[in-house]
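Reading through the structure tokens given below for one structure.
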Amino acid sequence: METSQREDQLRAAERRRRELLEAADRVVLRDGPGASMNAIAAEAGITKPILYRHFGDKGGLYRALAERHTEALLEGLRSALDAPTGRRERVETTLGTYLAAIEARPQVYRFLMHPAEESAGEATEQGFDVGRHSAPLLRRMGEELAQVVAERVDLGPEGEERARVWGHGIVGMMHAAGDWWLRERPISREALVRHLTDLLWGRLAACGDRQGGPAL
């Protein structure tokens, strides 16, 4: 009986946490990097101390939101990399998937990657300390992509080292180019994908598939 009650409590706590994250998402979609704990608590219909009880502090809430959105993005990137098409088409689809994701929810992207510029003087209450958390997100994406490359492409005797360099380099390129493009929109998404693929394609096209591994 006690075990059943504990399981019910855990399920209720998880459901409540999911509801709070959905409320936070709504505020982020509205306010972007200016989203505050006060606004999120108000959206959820609770007090700020209760919000802290669930997530610890602003950093805990940020990490929970970042994990929620990063997992969805990584799943899309993995699907693009495993699509049954030619290698260049998969590279283009992967780049396009990332750019389409940040274009579809620009406020979420800005929340995850940029501090609240309009509230820089009130960072203790208004803004999230984004700088402390965005770098680990990019590193995680770099490691994930490095693993995908290492499993699929024969990079020779220094393959593991090269795969990590490529993984982090490609993520850095996607992030920097996507950030610039989202702010200025100087060209179409399709044109950006094509130009970035051209940049990547030289050495990648020359590599063979890794024997026994999935093809890239």
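Since the model is a prediction, treat every value here as computed from it, not as a measurement.
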*State, to 0.1 Å, how close Leu199 and Met173 come at their nearest heavy-atom pair, and which atoms those are.*
CD2-SD, 3.6 Å
*What pair of heavy atoms forms the shortest contact from Leu112 to Ala66, and how long is it?*
CD2-CA, 3.7 Å
*With the side chain counted from C-beta on, respond yes when Val28 and Tyr109 share a heavy-atom pair under 4.5 Å apart, and no when they do not.*
no
*Find out whether Met113 and Leu138 are in side-chain contact, i.e. whether some heavy atom of one side chain is under 4.5 Å from a heavy atom of the other.*
yes
_Quick one, Leu77 with Met141, criterion side-chain contact (heavy atoms from CB on, under 4.5 Å). Give me CA distance, side-chain angles, the key distance, then yes/no._
CA-CA 10 Å; Leu77 295 177; Met141 289 177 64; 4.1 Å; yes
*Is any side-chain heavy atom of Leu145 closer than 4.5 Å to a side-chain heavy atom of Leu81?*
yes
*Evaluate salt bridge (charged side-chain N to carboxylate O under 4.0 Å, His left out) for Glu75 paired with Arg78, printing each intermediate quantity in order.*
CA-CA 5 Å; Glu75 185 60 35; Arg78 291 186 197 107; 3.5 Å; yes
*salt bridge (charged side-chain N to carboxylate O under 4.0 Å, His left out) between Arg164 and Glu158, intermediate numbers included*: CA-CA 10 Å; Arg164 292 194 75 191; Glu158 297 179 330; over 6 Å; no
*Going through the distances and angles, do His114 and Asp179 end up as a side-chain contact (heavy atoms from CB on, under 4.5 Å)?*
CA-CA 10 Å; His114 291 286; Asp179 196 79; 2.5 Å; yes
*Show the numbers, then the answer: is there a ring-ring contact (aromatic ring centres under 6.0 Å, His included) between Phe55 and Tyr62?*
CA-CA 9 Å; Phe55 297 100; Tyr62 177 92; over 10 Å; no
*When rounded to the nearest 0.5 angstrom, what distance separates NE2 in His175 from CD1 in Ile170?*
15.5 Å
*Heavy-atom check, side chain of Ile50 versus side chain of Thr47, under 4.5 Å*: yes
*Between Arg30 and Asp25, is the closest basic N to carboxylate O distance under 4.0 Å?*
no
*Measuring from Arg110:CZ to Arg105:CZ, what's the distance to the nearest 0.5 Å?*
13.5 Å
*asked:* Which heavy atom of Tyr52 sits nearest to which heavy atom of Met37, and what is that distance?
replied: CE2-CE, 3.6 Å
*Could you pull out the closest heavy-atom pair between Ala177 and Leu192, with the gap in Å?*
O-CD2, 4.2 Å
*Does Asn38 reach the side chain of Glu43, with side-chain heavy atoms less than 4.5 Å apart?*
no
*Before accepting this row, confirm whether a basic side-chain N of the pair Glu92/Arg88 lies closer than 4.0 Å to the acidic partner's carboxylate O.*
yes
_Salt bridge or not between Arg140 and Glu67? Use side-chain N to carboxylate O under 4.0 Å._
no
*Show your working on side-chain contact (heavy atoms from CB on, under 4.5 Å) between Leu99 and Ile102 and close with a plain yes or no.*
CA-CA 5 Å; Leu99 293 170; Ile102 67 174; 4.3 Å; yes
*Over all atoms of both residues, closest heavy-atom pair of Ala163 and Ala146*: O-CB, 3.4 Å
*Between Arg87 and Trp201, is any pair of side-chain heavy atoms under 4.5 Å apart?*
yes
*Compute both the distance and the angle, then confirm whether Arg183 meets the cation-pi test with Trp181: under 6.0 Å from the six-membered ring centre, within 45 degrees of the axis.*
no
_Does Arg26, at its CZ atom, have more than 12 non-hydrogen atoms belonging to other residues, nucleotides or ligands within less than 6.0 Å?_
yes
*Side-chain H-bond candidate by donor/acceptor type, Glu151 with Gln147, under 3.5 Å*: yes
*Under 3.5 Å, is there a donor-acceptor pair between the side chain of Arg162 and the main chain of Leu155?*
yes
*Does the Asp31 side chain pair with the main chain of Gly34, one donor and one acceptor, at a distance under 3.5 Å?*
no
*Looking only at atom types and distance, does a side-chain atom of Arg90 sit under 3.5 Å from a main-chain N or O of Asp82, one as donor and one as acceptor?*
no
*For side-chain contact (heavy atoms from CB on, under 4.5 Å), just list the numbers for Thr197 and Glu89, CA-CA rounded to whole Å, side-chain angles, deciding distance to a tenth of an Å, and then say yes or no.*
CA-CA 9 Å; Thr197 303; Glu89 287 78 11; over 6 Å; no
*Val27 to Ala39 - nearest heavy-atom pair and separation*: CG2-O, 3.8 Å
*With the side chain counted from C-beta on, respond yes when Phe111 and Gln107 share a heavy-atom pair under 4.5 Å apart, and no when they do not.*
no
*Check whether any side-chain heavy atom of Lys48 lies under 4.5 Å from a side-chain heavy atom of Arg53, and answer yes or no.*
no
Under 3.5 Å, side-chain donor or acceptor atoms of residues 12-22 against the rest of the protein: list the pairs with distances, not counting sequence neighbours.
unit_1 : atom_1 : unit_2 : atom_2 : d
Arg16  : NH1    : Glu19  : OE1    : 3.3
Arg17  : NH1    : His54  : O      : 3.4

